[in-house]
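Worksheet for the structure shown next.
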Amino acid sequence: MTAQHTLKTDLNVYRQPRVIALFFLALSSGFPWVMIGSALSAWLQEEGLSRSVIGYFGAVFAVYSINFLWSPLVDSVKLPVLNRWLGQRRSWILLCQLLIAALCIFISTLTIADNLHLVGIAALLIAISSATQDIAIDAYRIETFSESEGRMQSAGAAMATSGWWSGYAGLGAIPFLLVDGTHWQWQDAYIVLAALMLSLALVTLFIKPARYTQVKANTIATLSLLKRISTVVIEPISSFFSRNGAKLAIQILLFVFLFKIGEAFLGRMSIVFYKEIGFSNEQIGTYSKLVTWWITIFFSLVGGVVTLRIGQFKGLLIAGIAMAGSNLMFAWIANVGPSENLFLAAVLVDGFTSAWSTVAFVGFISFLCDRTFTATQYALLASLSTFGRTTLSAYSGVLVDKLDGNWSLFFVLTSLAILPSLLLLGYLKRSYQAHWGSNE
């Protein structure tokens, strides 16, 4: 078999209906980050709130870091009516989508200056609904493939990354383009966001159920309360440590915590940075959303294929080095000013690194999950990653203020924050190969 034929075979996996379905589900996963992230940050900045306050609003993302606490419910609780109609995973996804749309409509009725606390509560509830939706979507994605289809998990991760960024960057450009130079207000934009979320909910009705779901709902229902807690909470964690061994498990958890911290610090303040430097909402929507959208989709698919060929560890190493370098592009913009050409170059590089790192990272932690506890174990690992990103990045505005608005130094520091995880990756690879005998 020629290398060319092998590449064609690798690319053909993206045409499978079960892989395509993951793209549309991931749209719903990335889209809420617009509502409580970039769009809300821009709205807050235009209302005159400080960098620190805007950064503190990012604390709602910490919900994503603790969703493993209720992931056993998504693994075990059957929703009335919806479960009979859609099954375990899709019923939870649809419920969360409807809640997110309703909360967007609620935000559209508020004026930030007079209802800052209500906006914060609504943002928190969107984060909870979205984090719960992610549990079900990630479980659906992993259970779409059998345990013998390890290569397909990388393809699924690539398609999911493309979908997530399509929701966050593609659909995320819409509110910026609506409110710039028109009579539309941010409240009107949130009505549009709600309508888009309802459209995504319709898609959920038509995708097929996951093929390899192994939920313990029937067994759990017959157990005592103490046994039930052990089954849905303790056993998934115990299984993770017993499968990997204590040393390897701890190294994996530490790496997961550290890997995307630098990227998260950059992401939380990026919209504020763009606006302070002098870019318009239209430029932000065009470059940081639309351009990022397409470049991320392209490199998500490329990253999936390359990771299939070079292995997870090499993919993670390349992605981490690229992430550190891409953050320095924004330090360059801070020194030069609002140059559209440099803005385009920065988002191209950042889109490439974000896509590649996410595909490699998601594929890696998906591979580690025991199918008996898919939702809980994936949620635990993804939550740990999000914990590092959200809890620390909530202070990104404070850090910029402490640096007296020195954006260039801020982005240099975010680049250096990536290095500890790359050093740990070398130790992790050796421990993994020693435990599993793998050459990945």
Test item: Ser415 side-chain N/O and Phe411 main-chain N/O as donor-acceptor pair under 3.5 Å: no

Where do Tyr427 and Phe255 land on the ring pair (Phe, Tyr, Trp, His ring centres under 6.0 Å) test, with the steps shown first? CA-CA 10 Å; Tyr427 292 102; Phe255 173 77; over 10 Å; no

Looking at CG of Leu428 and OG of Ser421, how far apart are the two atoms once the value is rounded to the nearest 0.5 Å? 11.0 Å

Please name the pair of heavy atoms, one in Ala122 and one in Ile107, separated by the smallest distance, quoted to 0.1 Å. CB-CG1, 3.6 Å

Going by the rule side-chain hydrogen bond (donor to acceptor under 3.5 Å, both in side chains), which residues pair with Trp70 if we only count those two or more places apart in sequence or in a different chain? Thr132

Short side-chain to backbone donor-acceptor contact, Thr286 and Gln283, under 3.5 Å: no

Roughly how far, to the nearest 0.5 Å, is the CZ atom of Arg141 from the CG atom of Leu22? 7.5 Å

Over all heavy atoms of both residues, which pair between Ala334 and Ile277 is shortest? Give the atoms and the distance, please. CA-CD1, 4.2 Å

Just verifying a value: how many Å separate Ile121 CD1 and Leu124 CG, rounded to the nearest 0.5 Å? 8.0 Å

Check: Trp92 main-chain N/O paired with Gln133 side-chain donor or acceptor under 3.5 Å: no

Which is it for Phe273 and Ile333 under the side chain to side chain contact (heavy atoms under 4.5 Å, CB included) test, yes or no, and what are the steps along the way? CA-CA 10 Å; Phe273 168 67; Ile333 295 177; 3.8 Å; yes

Mind running side-chain hydrogen bond (donor to acceptor under 3.5 Å, both in side chains) on Thr204 and Gln97 for me, showing each step along the way? CA-CA 9 Å; Thr204 304; Gln97 290 169 331; 2.9 Å; yes

For residues Val34 and Gly167, report the shortest heavy-atom separation together with the two atoms involved. CG2-O, 3.8 Å

With rounding to the nearest 0.5 angstrom, report the CZ to CD1 distance, Phe241 to Ile252. 9.5 Å

Just wondering, do Phe23 and Ser166 contact through their side chains at under 4.5 Å, heavy atoms? yes

So, the side chain of Asn115 versus the backbone of Thr111: is there a donor-acceptor pair under 3.5 Å, distance only? yes

Tell me whether Thr353 contacts the main-chain N or O of Val349 through its side chain, where contact means a donor paired with an acceptor under 3.5 Å. yes

So CD1 of Ile36 and OG of Ser41: to nearest 0.5 Å the spacing works out to 10.0 Å

Would you call Leu348 and Phe352 a side-chain contact if the rule is heavy atoms closer than 4.5 Å? no

Leu316 vs Lys429, test: side chain to side chain contact (heavy atoms under 4.5 Å, CB included). Steps then yes/no. CA-CA 11 Å; Leu316 286 168; Lys429 180 180 180 179; over 6 Å; no

Compare all side-chain heavy atoms of Ile295 with those of Val347 and state whether any distance is below 4.5 angstrom. no

Might you work through the side-chain hydrogen bond (donor to acceptor under 3.5 Å, both in side chains) test for Trp186 and Glu46, ending with a clear yes or no? CA-CA 10 Å; Trp186 281 105; Glu46 291 181 9; 3.0 Å; yes

Can a side-chain donor-acceptor contact be found between Tyr190 and Thr109 if the only test is distance below 3.5 angstrom? no

Let me see the working for Leu125 and Leu99 under side chain to side chain contact (heavy atoms under 4.5 Å, CB included), right down to the final yes or no. CA-CA 9 Å; Leu125 293 176; Leu99 289 173; over 6 Å; no

What are the two closest heavy atoms between Gln187 and Leu110, and how far apart are they? NE2-O, 3.0 Å

Using the ring of each side chain (for Trp, its six-membered ring), is Phe61 parallel, tilted or perpendicular to Trp33, with breaks at 30° and 60°? tilted

Counting only N and O atoms by type, is there a donor-acceptor contact under 3.5 Å from the side chain of Asp350 to the main-chain atoms of Ser326? no

Do Met35 and Ile100 come close enough that some side-chain heavy atom pair is under 4.5 Å? yes

Within 6.0 angstrom of Glu282 CD, more than 12 heavy atoms from elsewhere: no

Provide the closest heavy-atom pair for Gly170 versus Leu290 in the form atom of the first, atom of the second, distance. O-CD2, 4.0 Å

Would you say that Trp43 contacts Val119 through its side chain, given a criterion of any heavy-atom pair below 4.5 Å between the two side chains? no

Among Arg90, Arg89, Lys208, find the one that has a salt bridge (charged side-chain N to carboxylate O under 4.0 Å, His left out) with Glu143. Arg89

Side chain to side chain contact (heavy atoms under 4.5 Å, CB included) between Met197 and Cys104, worked out: CA-CA 9 Å; Met197 196 70 208; Cys104 271; over 6 Å; no

Between atom CD1 of Ile418 and atom CD1 of Ile321, what is the distance when rounded to the nearest 0.5 Å? 10.5 Å

Pairwise side-chain contact, Asp188 with Val179, heavy-atom cut-off 4.5 Å (strictly under): no

Does a side-chain heavy-atom distance below 4.5 Å link Ile174 with Leu196? yes

So the side-chain hydrogen bond (donor to acceptor under 3.5 Å, both in side chains) pairs with at least one residue in residues 400-409 (sequence neighbours excluded) are Arg51-Asp401, Ser52-Asp401, Glu276-Trp407, Asn335-Ser408

Check: Phe330 and Tyr274 side chains under 4.5 Å, non-hydrogen atoms: yes

Does the Tyr168 side chain pair with the main chain of Pro32, one donor and one acceptor, at a distance under 3.5 Å? no

Can you name the nearest heavy-atom pair linking Val60 to Gly120, along with the distance? CG1-O, 4.3 Å

